[in-house]
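One structure below.
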Amino acid sequence: MRQLVIMTIISNCTASALKDAAASLIAGNLVAFPTETVYGLGADASNQQAVARIYEVKGRPTYHPLIVHISSINNLDKWAKDIPEYAVKLARAFWPGPMTLILPRTDLAKDFITGGQNNVGIRVPSHTVALGLLKEFEAQGGIGVAAPSANRFGKVSPTCADDVKAELSDYFSSNDLILDGGQSIVGVESTIIDCTNATPMILRPGAITAAMINNLLGIQIEIFSKNSSDKMRAPGLLESHYSPKAKVYLSGTPEPGDGFIALSKFPTPDGAIRLVSPATNEEYAKTLYQGLRLADSKNLSKVIVVQPSGDDISVAICDRLQKAAE
Ligand code: TXA
Ligand code: MG
């Protein structure tokens, strides 16, 4: 039987709390921390044992690569080499922010980070607690923090500290920590861009949209689709993900007692249980995962969703909903 672990949630992330959390990472413990997208489950990316615990706590297969989080573009060439010019432009324009670049790795990015691939995912998050933690971690001699979303494998990403606790506290040790930085403002995971070829490709849509990238680079960026023959590009992006226990349906009319998620302009059908009612697509992204979690806490078996439309963050919302519905 598992021992009961009393989880430490640090809700007042002062400079001294971040110093302690960084020291805990250096000592090989896990620290879950807020980012503007979703909460991450962090470990020292240079410490194989610490990284192994991420996989254990998440219940994630070990061939799935992890994103390394750094405090600034200045540290990028520690982890990545042969960085194309377009990737530097992307990093300058959108970091710190909700974007991950996949780049050829240096020797620092070991197989236990990259899943044995020759490239590595790097992100500079913008949340002040995340950046503060990373800066302090680097000041104490760390080089990067590996962090997947802080949920069990295949489940819905957490967007607040209590959701991290609900997902992972059974698997944490007493030295692990959760930093509470409030509700994540974006609400869906970062845009992942493959920068290992002559032209970039979006592997996972997010708040940095294709239109934003096209405007910056003056190109038409490709978006990875399931039909692409090059499966190497997107490990971990293909299977069912982001799934609540309730079955998610992207069409149909809810019956009484079913959950319902849609923009506020869509009235709640008779007898359906409104889970969230966002006014805008941005608010839809921010509240989507809360809505899916609420379905589970209410023990609903079905959730009917009306997908948003447009070429903004709704592309990311529809991507996650389609995976949740698989
Ligand atoms: O917003 C985010 O990106 C959050 C926060 C915590 O930063 N992180 C996140 O990590 O979503 P994760 O591990 O839950 O999802 C990252 C995805 C995985 O599907 C992984 O397989 C893929 O990115 N990935 C990571 N490194 C990769 C690489 N080198 N090549 C291809 N895919 C990679
Ligand atoms: Mg994830």
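Note that ligands are numbered from 1 as they come in the structure, with each ligand's atoms numbered from 1 the same way.
Here is the list of ligand 1 atoms found below 4.0 Å of a heavy atom in G40: 6 (C). Close approach of ligand 1 to V120 (heavy-atom distance below 4.0 Å) involves ligand atoms 29 (N). Those atoms of ligand 1 with a heavy atom of I192 less than 4.0 angstrom away are 17 (C), 23 (O). Within the listing of ligand 1, atoms 1 (O), 2 (C), 3 (O) sit less than 4.0 angstrom from a heavy atom of S190. Every atom of ligand 1 with a heavy atom of S149 under 4.0 Å away is listed here by number and element: 8 (N), 9 (C), 10 (O), 12 (P), 14 (O).
Using a 4.5 Å cut-off on side-chain heavy atoms (C-beta onward), L288 and V276 make no contact. Residues Y289 and V188 are in side-chain contact: their nearest non-hydrogen atoms beyond the backbone lie under 4.5 Å apart. Side-chain atoms of S149 and Y39, non-hydrogen and from C-beta on, never get closer than 4.5 Å to each other.
Between H64 atom NE2 and K58 atom NZ the span is 9.5 Å, to the nearest 0.5 Å.
Of the listed options V145, I102, L203, I102 places a heavy atom closest to atom 28 (C) of ligand 1. Residue P65 holds the heavy atom nearest to atom 25 (C) of ligand 1 of all those in G121, A130, P65.
Distances from the Mg ion (ligand 2) show that S149 has an N/O/S atom below 2.8 Å.
Residue H69 places a heavy atom under 4.0 Å from ligand 1. Look at N119 and you'll find a heavy atom under 4.0 Å from some atom of ligand 1.
With no hydrogens or angles considered, a side-chain donor-acceptor pair links N29 and S24 at under 3.5 Å.
Each of T196, D82, N118 was compared with R105 under the side chain to side chain donor-acceptor pair (under 3.5 Å) criterion, and only N118 meets it.
With respect to E36 and R123, a salt bridge is recorded, a charged nitrogen being found less than 4.0 Å from a carboxylate O. With respect to R204 and D319, no salt bridge is recorded, no charged nitrogen being found less than 4.0 Å from a carboxylate O.
In E36, neither the side chain nor the backbone holds a heavy atom less than 4.0 Å from any atom of ligand 1. When heavy-atom distances to ligand 1 are checked against a 4.0 Å cut-off, T114 has no atom that comes that close, whether in backbone or side chain.
A cation-pi arrangement, defined by a distance under 6.0 Å to the six-membered ring centre and an angle within 45 degrees of its axis, is absent between K135 and F137.
Residue-to-ligand polar distances keep H64 apart from ligand 1: every N/O pair is separated by 3.5 Å or more. Inclusion of T35 in the set of residues having an N or O under 3.5 Å from an N or O of ligand 1 is not warranted. Residue contacts with ligand 1: K58 is placed with no nitrogen or oxygen under 3.5 Å of a nitrogen or oxygen of the ligand (distance criterion only).
Applying the 6.0 Å contact sphere to NZ of K302 captures more than 12 heavy atoms from other residues, nucleotides or ligands.
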